[in-house]
Amino acid sequence: QRKSVATLTYIREKVEALPYAEIAAALKENDNRGYYVLDDFLGDELASEIAAESTSLLNSDKLKPDLTHIGSGEYVSEIKGGQDQYADCPRCVEYVVSLTS
């Protein structure tokens, strides 16, 4: 549970520290692409944990091919939370919860 609280806190702090003015300006200047790239937002440790969870989900057939990009090799899964999914990918669930709350 300590890891969960630490992850939720880490993501909340990263979101609070986002350079909102810089992001807004970049979105206006870059032909209104609708997205902004922020390198190393997750940090090495959390990014590695999420990558490991994603690999585990793929290896256990819990990801589905992305039908909007057929042939791309991309896979998707809804992150809904709940006891079963949390057991499979706790950092992914915490990431979504932190960003959406």
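Everything numeric in this text was worked out from a predicted model, so none of it was measured. Along the sequence shown, residues are numbered consecutively beginning with 1.
By the 6.0 Å contact criterion, CD on E16 is enclosed, its count of non-hydrogen atoms from other residues, nucleotides or ligands being greater than 12. More than 12 heavy atoms of other shown residues, nucleotides or ligands fall within 6.0 angstrom of atom CD in E74. Taking a 6.0 Å sphere around CG of D40, one finds it holds more than 12 heavy atoms contributed by other residues, nucleotides or ligands. The environment of CG in D84 is sparse: at most 12 heavy-atom neighbours from other residues, nucleotides or ligands sit within 6.0 Å.
The shortest non-hydrogen separation linking K14 to F41 is CE-O, 2.7 Å. Taking both residues in full, the closest heavy atoms of Y35 and L27 are given as O-CD2, 3.2 Å, listed atom of the first, atom of the second, then distance. Considering all non-hydrogen atoms of both residues, C92 and E53 come closest at N-OE1, 3.0 Å. Across all their heavy atoms, R12 and S98 have their closest contact at N-OG, 4.0 Å. Nearest heavy-atom pair across E94 and L8 is O-CD2, 3.5 Å. Closest non-hydrogen pair, D88 versus K62, comes out as OD2-NZ, 2.8 Å.
Put simply, SG on C89 and CD1 on I79 are 4.0 Å apart, with the number rounded to the nearest 0.5 Å. Remark: L18 CG to I23 CD1 distance equals 4.5 Å, nearest 0.5 Å. Here the OG atom belonging to S48 is positioned 8.0 Å from the CD atom belonging to E45, to the nearest 0.5 angstrom.
Between E49 and K3 there is a salt bridge, since a side-chain N of the basic residue sits under 4.0 Å from a carboxylate O of the acidic one.
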Between I11 and L46, is a side-chain contact (heavy atoms from CB on, under 4.5 Å) present by the stated rule, with each step listed? CA-CA 10 Å; I11 295 169; L46 184 55; 3.9 Å; yes
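Looking at residues two or more places apart in sequence or on another chain, you find a side chain to side chain contact (heavy atoms under 4.5 Å, CB included) between L63 and L57, L58, Y75, S77.
In the hydrophobic clustering of this structure, V96 does not group with V76; members are Ile, Leu, Val, Met, Phe, Trp, Tyr whose side-chain heavy atoms approach within less than 4.5 Å, directly or through other members. Under the 4.5 Å side-chain heavy-atom criterion for Ile, Leu, Val, Met, Phe, Trp and Tyr, V5 and Y10 are members of distinct hydrophobic clusters.
No side-chain donor-acceptor contact under 3.5 Å links S56 to the backbone of A52.
Between L42 and Y95, some side-chain heavy-atom pair lies under the 4.5 Å cut-off.
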